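Working notes for the structure below.
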Amino acid sequence: MPITNLTLNGQPTAQDADPQMPLLWAIRELAGLTGTKFGCGIAACGACTVHVNGTAVRSCMYPLGAAANARVTTIEGLAASTGAAQGEHPVQKAWKAVQVPQCGYCQSGQIMQAAALLAKKKNPSREEIVAHMDGNICRCGTYQRIVKAIQRAAKEA
C-alpha cells in the first residue's frame, strides 16, 4: 500500500492505506479517533465533518490521498488547534452552555462545521449561520439551540 503522510491533530502521521479510502475510515479505524461519526456515507448529513487545512470537509467521501501533506483536525484536536485545553474551544464551551446535544450523534460534525464558520467570519449574522450549517442534519431537531450556541461562541471568542 502507498503511504499517505499528513498531520492529524497536530501530529505528523503516515497512513499505510489505499489513497482512495475515505478519510473517515483512516481517522476512525487506522488512527483510532472515534469522535468523527459515520452518518450517511454520501456526504449528505455532516456527521463526519473534519477540517482539512482549516476547511470543513465531509470525510466519508474525501479520499485519504487528497489529504496528503495536509493538516487534518478532528473533534479530538479542535481545542488544541486554537491553543485551548481539551473540550475548551469556544464552540464546544457554547455547546455545553446552551445544552445543544440530545442524542449527540451529529454534534462533532456540527461543532466542526460551526468552528470553520467562526474561523472565517468572527460575527456572522443569523442568516449566515443558518446558510453555513445547512446540510448538517440533527436528528433531534436542535437547530435553534445550534444557532444560539454559534452566536454565543462568536460573542465569547
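Source: prediction; values computed, not measured.
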Inset, instruction - Could you identify which residues cluster with Ile42, counting Ile, Leu, Val, Met, Phe, Trp and Tyr as linked when any side-chain heavy atoms lie under 4.5 Å apart, either directly or through a chain of such contacts? - result: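 Under the 4.5 Å side-chain rule, Ile42 groups with nothing.
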Inset, instruction - Each residue besides Val72 in its hydrophobic cluster should be listed here, by chain and number; the cluster joins Ile, Leu, Val, Met, Phe, Trp and Tyr at side-chain heavy-atom distances under 4.5 Å. - result: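 When side chains under 4.5 Å apart are linked, the cluster holding Val72 also contains Leu6, Leu8, Leu23, Ile27, Leu33, Val50, Val52, Val57, Tyr62, Leu64.
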Taking the side chain as every heavy atom from C-beta outward, state whether [X] and [Y] have any pair of such atoms under 4.5 Å apart.
{"X": "Ile137", "Y": "Tyr143", "result": "yes"}
{"X": "Gln92", "Y": "Ile75", "result": "yes"}
{"X": "Met133", "Y": "Val147", "result": "no"}
{"X": "Cys48", "Y": "Phe38", "result": "no"}
{"X": "Lys37", "Y": "Arg28", "result": "yes"}

If you compare all heavy atoms of [X] against all heavy atoms of [Y], which two are closest, and at what distance to 0.1 Å?
{"X": "Ala153", "Y": "Pro90", "answer": "CB-O, 3.6 Å"}
{"X": "Gln151", "Y": "Arg126", "answer": "NE2-CB, 3.8 Å"}
{"X": "His89", "Y": "Leu78", "answer": "CD2-CG, 3.6 Å"}
{"X": "Cys140", "Y": "Cys103", "answer": "SG-N, 3.5 Å"}
{"X": "Gly39", "Y": "Cys45", "answer": "CA-SG, 3.7 Å"}
{"X": "Thr4", "Y": "Ala68", "answer": "CG2-CA, 3.8 Å"}

Legend entry - Any donor-acceptor pair under 3.5 Å from Lys96 side chain to Val91 backbone: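 No; zero donor-acceptor contacts below 3.5 Å.
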Inset, instruction - Output yes when a side-chain donor or acceptor of Asn53 lies under 3.5 Å from a complementary backbone atom of Ala70, and no otherwise. - result: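 Pair absent, no side-chain N/O of Asn53 close to backbone of Ala70.
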Inset, instruction - Not counting sequence neighbours, which residues clear salt bridge (charged side-chain N to carboxylate O under 4.0 Å, His left out) with Glu128? List them please. - result: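 Glu128: salt bridge (charged side-chain N to carboxylate O under 4.0 Å, His left out) contacts with Lys121.
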Inset, instruction - Just jot down the salt bridge (charged side-chain N to carboxylate O under 4.0 Å, His left out) partners of Arg145, sequence neighbours excluded, or say none. - result: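 Arg145 satisfies salt bridge (charged side-chain N to carboxylate O under 4.0 Å, His left out) with no other residue.
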Nearest 0.5 Å, please: how far is [atom2] in [Y] from [atom1] in [X]?
{"X": "Asp18", "Y": "Gln20", "atom1": "CG", "atom2": "CD", "value": "6.0 Å"}
{"X": "Cys106", "Y": "Arg139", "atom1": "SG", "atom2": "CZ", "value": "8.0 Å"}
{"X": "Tyr105", "Y": "Cys138", "atom1": "OH", "atom2": "SG", "value": "13.5 Å"}
{"X": "Arg58", "Y": "Thr36", "atom1": "CZ", "atom2": "OG1", "value": "12.5 Å"}

Legend entry - Residues Asn5, Thr13; criterion side chain to side chain donor-acceptor pair (under 3.5 Å); working and verdict: CA-CA 6 Å; Asn5 294 304; Thr13 185; over 6 Å; no
Inset, instruction - Decide whether Met61 and Leu24 are clustered together by the hydrophobic rule: side chain heavy atoms of Ile, Leu, Val, Met, Phe, Trp, Tyr closer than 4.5 Å, transitively. - result: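 Hydrophobic grouping puts Met61 apart from Leu24.
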Under 3.5 Å, which donor-acceptor pairs link side chains of residues 108-118 to any protein atom two or more places apart or in another chain?
| unit_1 | atom_1 | unit_2 | atom_2 | d |
| --- | --- | --- | --- | --- |
| Ser108 | OG | Gly35 | O | 2.8 |
| Gln110 | NE2 | Asn136 | O | 3.2 |
| Gln113 | NE2 | His132 | O | 3.1 |
| Gln113 | NE2 | His132 | NE2 | 3.4 |

Legend entry - Qualifying salt bridge (charged side-chain N to carboxylate O under 4.0 Å, His left out) pairs with a residue from residues 148-157, counting only residues at least two apart or across chains: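 Sorted pair list: Arg152-Glu156.
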